[in-house]
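Worksheet for the structure shown next.
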Amino acid sequence: MELEESDASFWEYLGEGNLNIVIRYQGTDDIYKGKVLRIAKEDDSISKRDSSIPFTQQFSQNIITPLLGSEYVLSVTPIQVTPAFLRAIAHHIEADRPNPRKQKSIDFSLSVAYLMKDIIHRKDFHSTYRRGISDVVVTTTVTGSTIITGNT
């Protein structure tokens, strides 16, 4: 699987932190339905980000999953992306990004982004709790574990 420039229009901005931008798939391709894509932003403190993919996957599979249980760990799939796709996404989502976050852009030198299940955009989540995305706090720890809490 590889995402190319023509695929960019099917993705919408969801949110971002200091190191990554997360976009949500809105198209009809079953491979990507119900998925989000985490794309790294430029960061001078991280070099050779692609070389850490095997370590990250092994750490999650061999350490985090046995500790927490597979039902609590999201499956993350590395997916090939082209520079043209990354540039098209950056252009496509620019108007949706908060101004303070625009200091860092997508890292156009990447060849890989991470595809995972969209756990925020679930029908039962919104209907049961009547919350929007602004009421949910998602925190990623140093180990890459994700913790989701709601405001009370």
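Note that the structure is a prediction, hence the values are computed from the model and not measured.
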Worksheet item: Between Glu94 and Lys102, does a side chain to side chain contact (heavy atoms under 4.5 Å, CB included) hold up when you go through it step by step?
Response: CA-CA 8 Å; Glu94 185 66 17; Lys102 292 181 181 179; 3.3 Å; yes

Item to complete: Mind running side chain to side chain donor-acceptor pair (under 3.5 Å) on Asn20 and Lys41 for me, showing each step along the way?
Response: CA-CA 5 Å; Asn20 297 286; Lys41 294 163 63 172; over 6 Å; no

Are the side chains of [Y] and [X] in contact, using a 4.5 Å heavy-atom criterion?
X: Leu14; Y: Ile23; answer: no
X: Arg24; Y: Ile120; answer: yes
X: Ser9; Y: Gln26; answer: no
X: Asn18; Y: Arg101; answer: yes
X: Thr82; Y: Glu2; answer: yes
X: Tyr25; Y: Phe10; answer: yes

Hey, what do you get for [atom1] ([X]) to [atom2] ([Y]), rounding to the nearest 0.5 Å?
X: Gln103; Y: Glu42; atom1: CD; atom2: CD; answer: 12.0 Å
X: Leu74; Y: Ile64; atom1: CG; atom2: CD1; answer: 12.5 Å
X: Ser105; Y: Ile89; atom1: OG; atom2: CD1; answer: 12.0 Å
X: Gln80; Y: Glu4; atom1: CD; atom2: CD; answer: 11.0 Å

Fill in: Sole candidate of Ile21, Ile79, Val22 that passes side-chain contact (heavy atoms from CB on, under 4.5 Å) when paired with Leu37
Ile79

Discussion item. By the definition side-chain contact (heavy atoms from CB on, under 4.5 Å), identify the one residue from Val112, Ile106, Leu3 that meets it with Val81.
Written reply: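 The side-chain contact (heavy atoms from CB on, under 4.5 Å) with Val81 is passed solely by Leu3 among Val112, Ile106, Leu3.
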
Item to complete: Under the side chain to side chain contact (heavy atoms under 4.5 Å, CB included) rule, what do Leu110 and Asp107 come out as? Steps first, then yes or no, please.
Response: CA-CA 6 Å; Leu110 295 174; Asp107 184 346; 3.8 Å; yes

Practice prompt. Can you label the angle between the Phe85 ring and the Trp11 ring as parallel, tilted or perpendicular, going by 30° and 60°?
Written response: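 The rings of Phe85 and Trp11 stand perpendicular, inter-plane angle above 60°.
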
Worksheet item: ring-ring contact (aromatic ring centres under 6.0 Å, His included) with Tyr13: which residues, sequence neighbours excluded?
Response: none

Worksheet item: Between Lys35 and Asp118, is the closest basic N to carboxylate O distance under 4.0 Å?
Response: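 No salt bridge links Asp118 with Lys35.
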
Worksheet entry | Closest approach of Ala113 to Ile39 (non-hydrogen atoms, all atoms of both residues) |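 Between these two residues, the closest heavy atoms are CB-CG1, 4.0 Å.
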
